[in-house]
Structures are given as C-alpha cells and as structure tokens.
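Along the sequence shown, the residues carry numbers beginning at 1.
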Amino acid sequence: MTQQLQDEFDSSVENAEAWMKAIQERLRINDNTKGPRSALEARLRETEKIRALEPEGSLKMDLILVKADAALRSIGEEKKHEVLSKLKDIKALWEETAIYITHCHSRIEWVWLHWSEYLKAQDEFYTWIHNMRVTLEPDIELQLGLKEKQWQLSHAQVLQNDVLNQSVLLERLLEEAASLFSRIGDPSVDEDAQKKMRVEYEGIRQEAQNRVKLLETITKEHEQYSANVNQFQSWLNGVTERLNCCLGEATKSSAEDKLKALKEIAKDIRSGGKKWKHLENQCAEVIQNTSPLGSARLKDELEELRKALEKLKLLSSQEEERLLKIQQSESAYESLARQLEADIQKLRKDLQRLENDLDPGEGEKTEDEFVTLWKKCNATRAALAAEESKIERLKAQLKELLRFSQDVQPHAESVVSAIHQYQSIRGKTSKMSTDTETQLRRIIQNPLQSFEQWKPSVQMLLETPEPELAHIEAALAESSQFKEKLMTVQLKKDLLNNVLGEEKAESFLQEVAEASKEREILHKSLLQSKSKLQNLVLQHKNFDAGFAPLQKKLSAIKAKLDLEKEPQPDLLGKKTQLQRLQMIQDDLAELAIHMEEVEKLVQSNTTHRHEMNRLSSDSQALKRSLEMMIQQSEDHVQKHWAYNDKLSDLQQWISVTREKIDSYQDADGEQNMEGSNCQGFAFQRLLAEFPDKEIQLHLVEAHGQLVMENSSPEETAHVQAELDQVKESWKSLKEMEKMGEGQSTSSHLKLLHEFEEWLRGENTKLTKILAGTPSSAEEIKAHQSKLEELQSRVPHGQHLFEDLLHLHPVIGNSEDLEDLRYRWMLYKSKLRESLSSPELLFGFALQERSGGACSYPRRVCRAALPLQLLLLLLLLLAFLLPLARDAHSCTLANNFARSFKLMLRYEGPPPT
C-alpha cells in the first residue's frame with residue numbers, strides 16, 4: 001500500500017511536470033512581438049488559449065498536494081525528504097509557469113493595443129491632412145474692404161495656428177511609431193513611413209504660411225492706404241476749421257490777422273494737392289487686390305476728397321478779397337476810437353480821485369470827524385457839477401463812431417459806464433452829506449438818550465434782593481461815564497446852536513441838567529449797595545474757583561466724545577478709537593473725584609447747589625453714553641479681529657493648499673513607490689479638509705457683512721474686495737482639486753504596478769533560496785540569514801500594501817488588486833513556513849553529517865514534531881471552515897478556501 005501511494009505521487013508529479021513544460025514550450029514559441037499584425041493577432045489568440053488552461057494546472061497541483069499528503073502519512077522518515085523535495089520543485093515550477101503565462105499574454109496584448117491606438121491616431125492625422133489640403137487649395141478671394149481683408153487674414157492665421165499646433169501631435173505620433181517599430185519591426189511603422197508623414201505635414205505648413213504672408217501684405221497695404229486717407233481727412237477737417245474761423249463777422253480777430261491766416265491756409269491747400277496725388281497712386285495699387293465693388297467705393301471716396309479740397313481753395317480766395325476791402329475802413333475808425341477811450345480814461349481818473357477823497361473810512365467816528373466829513377461832501381458836490389460838460393462831449397464823440405460799420409458796442413458800454421460812475425458818485429455824495437448831518441444830531445443827543453435807557457436798569461438792580469457785585473461795579477462805572485458825557489454836552493453850547501438851532505439847543509440843555517441831578521442820586525444808592533455786597537463776595541470766591549474748571553473739563557470731555565462718533569476706516573483705527581474712549585473714561589472718573597470735593601462748599605447756598613446738581617446730572621448722562629460707546633467699540637473691534645483672523649487663516653490655507661497641489665502635480669512620476677504613497681495619502685487628507693474650509697468661507701463672509709455694517713465706506717469697499725478675492729481664490733482652488741483628483745488616480749495606479757514589481761522580485765529571491773540544497777552547516781546558516789533578510793523587509797511591504805488598500809476608493813476594487821492581495825498572502829505564508837520549519841527543509845543534510853546513536857532520537861523528534869504540529873493546525877482549520885460561512889467572511893470569496901494552503905486571517909467586510 002505504501003509503495004502504491006508513492007507511485008501515485010510520482011506519477012502525478014511527472015504528469016504535471018510534463019504538462020507544465022509543454023505549456024512553457026508553447027509560451028516560448030509565442031513569446032514574440034515581431035512580425036505583421038496578423039501574426040501578432042494569432043499569437044495573442046494562442047496565449048489566450050494557454051491562459052484558459054491555467055485552472056487545469058491548479059487542479060493538477062491540488063491533486064499532487066493530496067497525493068503528497070497521503071504518501072507522507074504512510075512512508076518512513078527516510079523517504080519523506082525525497083517527497084518534500086519533489087513537492088517543493090513542482091511548486092516552484094508551477095509558480096514559474098503561472099507567472100510566465102500572465103507575463104507573456106500581457107506583453108503581447110499590450111503591443112496589440114498599442115498598435116491599434118497608433119493606427120487610429122494615424123488615420124486621424126491623414127484625415128486632418130486631407131481636410132487642410134482641401135481648405136488651402138482654392139485661390140485667395142478678392143475682398144470688399146479693409147474689414148473683410150482683416151477677417152480673411154484672421155481666418156488664415158487661425159488655420160496656420162492649427163497647423164503649428166498639429167506639430168506637437170505629429171511628434172508624438174512619430175515617437176509612438178518609433179517605439180512600436182522597435183517592438184514589432186513592421187514596415188508600416190518604419191522610418192520611411194515616418195518620413196512620409198513629416199513630408200506631408202511640412203507641405204501643409206508651408207502652404208499655410210505662404211497664404212498668411214500674402215494676406216498680411218495685402219492687408220497692410222490697405223491699412224496704410226486707409227491710415228493715409230484718414231490722415232488726409234483729418235488734415236482737411238483742420239484746414240476747414242481754420243478757414244471757418246476766418247469767415248464771417250462773428251470772429252474777434254482783426255482783418256490783418258485774418259489775411260495772414262488765409263495766406264497760410266492757401267499755402268497748406270497747395271501742399272494738400274500733392275498729398276491727394278500720392279493717395280491717388282496708392283489707391284491704384286490697393287484696387288488691384290480689391291473686389292470690383294470695393295474698387296468703385298475707393299474711387300468714389302478719393303473723388304469726394306478732391307472736391308472738398310477744391311471747395312476749400314475757392315472759399316479761401318473769396319474771403320481774402322473781402323478782407324482787403326474791410327481793412328481800409330478800419331484805420332479811420334481806430335483813430336476816433338482811441339481818442340474816445342483816452343477822454344473816457346481821463347474822466348474816470350478825475351471821478352475816482354473825487355470818490356477817494358470822499359471815503360469816510362472804517363470804524364466809529366468822533367464828532368470832529370463827522371464835521372470834517374460833512375465839509376468834504378459839500379466840496380465834492382461842487383466839483384461834480386463842473387464835470388457835467390465832459391459827459392456831454394463824450395456823447396458827441398460816440399455819435400461820430402456810429403457812422404462806421406464796425407461794432408461800437410464796446411465803446412458805447414465804456415461811455416455808459418463812465419456816465420453811470422458819474423451818477424453813482426453824485427448820488428453817493430448827496431447821501432453821505434445827509435447821513436453825516438443825521439449822525440451829528442444823533443451824537444449830540446446820544447448821551448441824554450443813553451442815560452434815559454440806563455436809568456430803569458439801575459433802578460431794577462437796586463430793587464433786586466441779592467444783586468451781584470459785578471453788576472453794581474459796572475453800574476458805578478457807567479454812572480461815572482455818564483457824568484463826564486453830560487458835562488461835555490453842557491460845555492458845547494455854541495456847537496448845539498449851529499446844529500440844532502437856538503430854541504432846540506436851550507430846551508436840550510435843560511434836559512441835560514435834570515439828568516445830571518438824577519444821576520447823582522442813583523450813584524449814591526449804588527455805592528451803598530456795593531458796600532453790602534462786598535462782604536458776601538468773599539464767601540463765594542472759593543466755589544467759583546472750583547466750579548469753573550469742572551464745567552470746562554466736562555465740556556472738553558463732551559467735545560472729545562462727539563469726535564469719536566464717526567466710523568473708523570480699519571481695525572487699527574477702531575482699536576485706537578477704543579483706547580481713546582478708555583482714556584476719556586479715565587478723565588471722567590477723575591472729574592467725578594473733583595466734583596465730590598466741590599460739593600462740600602455748596603451745602604448752605606441753594607443757587608450753587610442747583611448748579612452743582614445740574615453739572616452732576618450732565619456728568620452721569622455723559623458717563624452712560626461713554627459706556628455704551630465703549631461697549632459698541634469693543635464689539636466692533638472683536639468682530640473685525642475675528643473677521644481678519646478667519647480671513648487670514650483661510651487665505652493662508654488656500655495658499656498652502658495651492659502650493660501642495662502644485663507640488664503633487666509636479667512630483668508625479670518622479671517619486672519612488674514609498675514617496676508616491678505618502679503623497680497620495682497627503683493628497684487624500686488635503687481633499688478631506690475642503691468641506692470644513694468651505695464652511696469657514698461662509699463664516700468669513702458672515703463676519704465680513706458684520707464688519708461692513710459698522711465701518712466707513714472706504715473700509716466697506718476694502719472688505720468687499722477682500723471677500724471677492726477670497727471667493728475667486730476658492731473657485732480656482734476647487735478647479736485645481738478636480739485636476740488633482742484625476743492626476744492622483746493615475747499616480748495611484750502607478751503605485752499599484754510598482755508594488756507588484758517589488759513583490760515579484762521578492763518572490764523570485766525566495767524561490768531561488770528555496771531551490772538551493774545546502775550540504776553543510778555553513779550553507780544552512782547562509783540560507784537562514786537570507787530568509788531572515790527577506791523577513792525583515794516584510795513589514796515594509798506590508799506597510800506599502802496597507803497603503804494601497806487605504807487608497808482603494810481611488811484605485812477601485814479591481815481584479816488586479818485582488819490578485820495582488822492573494823500573491824502577497826501566498827508570499828508571506830511561504831516565507832513564514834520556510835522560517836518556522838528550517839529542519840524540514842535542511843534537516844536531512846544535517847543528519848547525514850551528524851554521528852552517534854544517542855543523537856538519533858533527538859534528531860527524529862526535532863524533524864517530526866514541527867511537521868505534526870503543522871498537519872494538526874491544517875486539520876483544525878478544515879473543521880472550522882463551516883463555521884466561517886457568514887455574510888462577512890473572506891473565506892467564501894477566496895479561491896483556495898478548501899485547499900491545504902495557509903491563509904491570512906481577515907475579519908471585516910469582504911474586499912471583493
């Protein structure tokens with residue numbers, strides 16, 4: 001029975017080995033990308049058939065494992081090494097075959113797809129060549145005018161830019177052709193085919209450039225002609241405007257100046273004829289490249305310019321003849337006008353001298369000054385009567401000027417102005433004389449009238465229960481002044497007789513004497529009141545000395561507070577305003593302390609107590625207003641600070657994020673696998689921040705609205721500009737985010753393939769180590785150290801694989817990732833098995849070189865015990881398989897769930 005199991009195992013191994021070698025031979029025959037497209041397609045179909053046979057190889061390996069398990073249970077210890085060695089060799093051969101199948105098919109399929117994409121791009125290129133040739137073959141059409149020629153040039157430039165832009169696609173197509181030729185060697189993509197494409201492109205490019213150059217020449221020629229026409233039209237308009245200034249009677253220039261201007265205009269018109277001839281020659285050249293209708297328009301335009309030039313020439317000559325006739329009559333008119341102006345100026349000087357002598361001066365005048373002024377008025381009236389004959393002479397000279405055709409309005413206005421000045425001075429003199437007499441009467445009678453007005457106020461002051469000392473002293477001073485004034489009036493008896501007359505002067509002097517007696521009585525009463533009040537004044541001096549500064553300080557604080565009601569332009573201004581308000585609050589607190597000291601002086605005086613209560617009420621009202629303003633200012637500062645802080649954070653985040661996204665995009669394809677993984681995670685974390693930052697953007701807008709409600713118009717405009725700028729930055733960042741997501745996807749797929757290459761290299765190293773058969777203890781130790789070195793790199797690989805699993809939303813739940821997961825688990829299982837049972841692999845070599853009967857049982861136990869434990873673990877796992885049939889088990893999705901291979905334990909939702 002034991003020999004039969006051994007033979008069955010050997011037979012299954014031989015059959016599997018023969019089958020694998022046959023598969024490898026078929027793969028070797030088809031592992032070639034050279035040749036025509038039909039041969040490549042045939043090899044691709046053949047590799048697909050070979051790939052379809054891979055499950056058959058898996059079944060053969062399962063059969064070998066079953067046979068090996070049965071043989072190992074029944075054979076002796078001396079033959080187990082042989083079975084295990086064959087089992088290890090067939091496993092390595094199967095793994096090599098499976099990898100060869102995948103690689104061969106993938107390589108041929110990639111070349112096939114590459115060739116297909118190239119043919120598609122080549123067809124598109126030749127289609128574009130055909131379309132451009134059809135577009136550029138027709139001759140250039142003649143256009144109506146400059147605008148149409150510019151449109152035609154713009155269209156040709158667009159075609160040229162399209163051709164130039166196509167060069168990048170051509171270079172890329174040629175690179176793909178060269179790359180494909182190196183792989184397939186087909187004549188359809190050789191250097192001759194590449195040169196053919198380049199030659200056809202160069203022909204299209206040269207034809208487009210020639211068309212653009214020709215159209216540029218035609219357009220520039222027409223543009224130059226149009227500019228010259230516009231320049232000639234502007235010159236024509238300028239000459240016409242200058243000629244219009246010289247035409248008609250409404251101009252202010254003299255005939256001589258007009259004649260000079262007309263001569264200059266005639267000279268310019270002659271030079272304009274030469275310019276028109278040049279335009280005519282240039283127009284003939286432009287017409288050659290213009291449509292018939294456009295040529296007719298150009299000729300009509302040129303003819304209109306010629307007619308306008310001839311019209312200007314005719315008008316200029318007619319006006320010059322007319323001005324020569326006018327110039328002869330102007331000389332006689334000028335002489336009479338100069339004489340009239342000289343007489344007017346002389347009269348005005350005389351009138352001005354009389355008016356200056358009549359100046360009464362400023363300020364109050366004394367009685368003697370009023371008498372002097374009255375005498376001057378009488379003398380001026382006599383002088384004005386003598387100047388009336390000069391006025392009549394001016395009127396006669398003005399009538400002589402009316403015989404000429406020139407405008408005499410300015411001279412008439414000068415004569416009228418002189419007459420008005422004469423009448424004004426005469427009226428002013430008469431009025432001043434009357435006013436002076438009235439003032440003299442008032443001055444003489446003023447002391448008595450002032451006394452009668454002053455007397456009732458003094459009587460009321462004496463009847464007041466508590467009059468003020470200052471009022472009493474002022475009344476005494478006024479009484480003394482009235483005494484002097486009344487005595488002076490009594491001494492001017494002769495003046496009164498001259499001004500008022502004898503009867504009125506005598507009656508007036510009697511009234512003055514009675515007023516002097518009444519003044520003496522009132523003066524004595526005032527002296528008595530003064531002596532009584534002087535004793536009371538001493539009691540109030542202390543209160544007045546303290547109350548007045550308090551009142552001034554309160555007014556100053558109120559004025560400062562009124563100045564702080566204006567909105568501030570920025571955050572610094574608001575902080576400064578808050579500091580000033582706090583300083584005002586300190587001043588108000590200091591004022592309250594001084595008010596408490598002054599209140600001690602007003603306990604017995606009701607008037608002072610009333611004033612102090614009113615001052616205290618004003619202080620309390622000002623304090624409440626100040627507290628409200630401080631609270632509002634603190635609130636405004638806090639809101640503005642919060643807005644600036646959040647805006648600065650958001651702007652800084654946007655700037656940093658933009659730099660990070662740019663760095664991720666620039667570094668794509670230049671990092672190693674681990675660096676790319678780290679950048680992928682960093683980019684995902686960066687994308688996760690966007691929703692929170694969008695909420696922060698809305699918060700910044702809300703804070704900005706609060707700031708604008710309490711700011712000046714300038715600051716409101718500045719805040720609005722900041723909000724608009726951060727919105728634009730956010731919109732730009734969102735666009736970069738979308739571009740970065742696409743680029744990140746391609747980068748993550750690249751990381752997946754790089755990890756696959758790394759795992760393939762590690763698996764190859766492990767296969768080579770296990771394939772070797774050590775013959776000494778030193779070689780066994782060397783093999784063990786190599787296995788430990790591979791095991792030391794497993795955490796690094798596990799870290800990279802976990803990173804790829806975390807990136808599965810970007811990469812997608814693809815079959816490649818599942819296949820990579822299985823190969824990674826298989827590699828770790830094989831490496832762990834090799835490290836945990838080194839005696840199983842290398843024990844027999846040690847047994848052959850170790851000697852002694854005592855060590856034999858120990859060596860047998862060391863070799864058998866790990867194998868028995870492994871088999872017991874496999875049996876336990878086989879019993880536990882039915883318990884794992886639940887909704888979240890990975891065993892159901894694993895193709896090797898019921899095999900005897902070790903599997904990684906995974907708890908969680910299925911990855912497939």
Side-chain angles (χ1 to χ4, degrees), residues 252 333-404 406-450 452-453 485 488-489 492-505 507-508 511:
K252 297 181 180 180
Y333 172 80
E334 290 294 334
S335 62
L336 293 175
R338 284 195 295 270
Q339 183 62 39
L340 177 62
E341 289 296 330
D343 295 341
I344 291 174
Q345 293 297 328
K346 185 175 182 304
L347 177 62
R348 285 183 173 178
K349 288 181 181 180
D350 295 338
L351 294 176
Q352 187 65 39
R353 178 179 53 79
L354 293 175
E355 187 177 7
N356 293 337
D357 293 340
L358 200 62
D359 185 15
E362 297 180 358
E364 293 293 334
K365 296 180 176 57
T366 61
E367 181 180 348
D368 295 336
E369 291 175 346
F370 274 112
V371 173
T372 304
L373 183 59
W374 179 71
K375 292 178 179 180
K376 285 183 179 181
C377 290
N378 292 333
T380 303
R381 292 172 68 180
L384 288 173
E387 296 291 336
E388 190 171 358
S389 60
K390 296 180 180 180
I391 296 296
E392 295 299 328
R393 188 166 58 251
L394 292 178
K395 292 179 181 180
Q397 291 176 351
L398 182 61
K399 288 180 181 180
E400 291 180 4
L401 289 177
L402 292 175
R403 294 186 297 103
F404 297 93
Q406 282 80 359
D407 184 18
V408 297
Q409 182 65 27
H411 303 293
E413 291 177 355
S414 298
V415 173
V416 172
S417 176
I419 294 173
H420 287 170
Q421 185 179 4
Y422 170 77
Q423 293 175 350
S424 174
I425 295 175
R426 188 173 62 180
K428 181 179 178 181
T429 303
S430 177
K431 182 177 180 300
M432 187 176 296
S433 177
T434 304
D435 292 341
T436 304
E437 291 180 0
T438 303
Q439 289 293 334
L440 284 174
R441 292 176 180 271
R442 183 185 60 80
I443 291 173
I444 293 172
Q445 297 175 355
N446 186 50
L448 183 60
Q449 294 175 355
S450 299
E452 293 296 333
Q453 294 174 358
K485 291 179 180 180
T488 303
V489 170
K492 294 181 179 180
K493 184 176 180 180
D494 295 335
L495 180 60
L496 291 174
N497 291 331
N498 293 330
V499 176
L500 300 178
E502 293 183 359
E503 294 181 359
K504 292 183 178 180
S507 175
F508 178 72
E511 293 176 0

Asks: Give a yes or no on whether the backbone of Ile425 and the side-chain of Thr429 come within a donor-acceptor separation of less than 3.5 Å.
Replies: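 The answer is yes, because a donor-acceptor pair under 3.5 Å joins these two groups.
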
Asks: Output the distance between atom CD (Gln352) and atom CD (Gln345), rounded to the nearest 0.5 Å.
Replies: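 The CD atom of Gln352 sits 11.5 Å away from the CD atom of Gln345.
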
Asks: Hey, mind stepping through His420 and Gln423 against side-chain contact (heavy atoms from CB on, under 4.5 Å) and telling me if it holds?
Replies: CA-CA 5 Å; His420 287 170; Gln423 293 175 350; 4.2 Å; yes

Asks: Mark yes or no for whether Ser414, through its side chain, and Pro410, through its backbone, hold a donor-acceptor pair below 3.5 Å.
Replies: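 Yes, Ser414 side chain to Pro410 backbone: donor-acceptor pair under 3.5 Å.
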
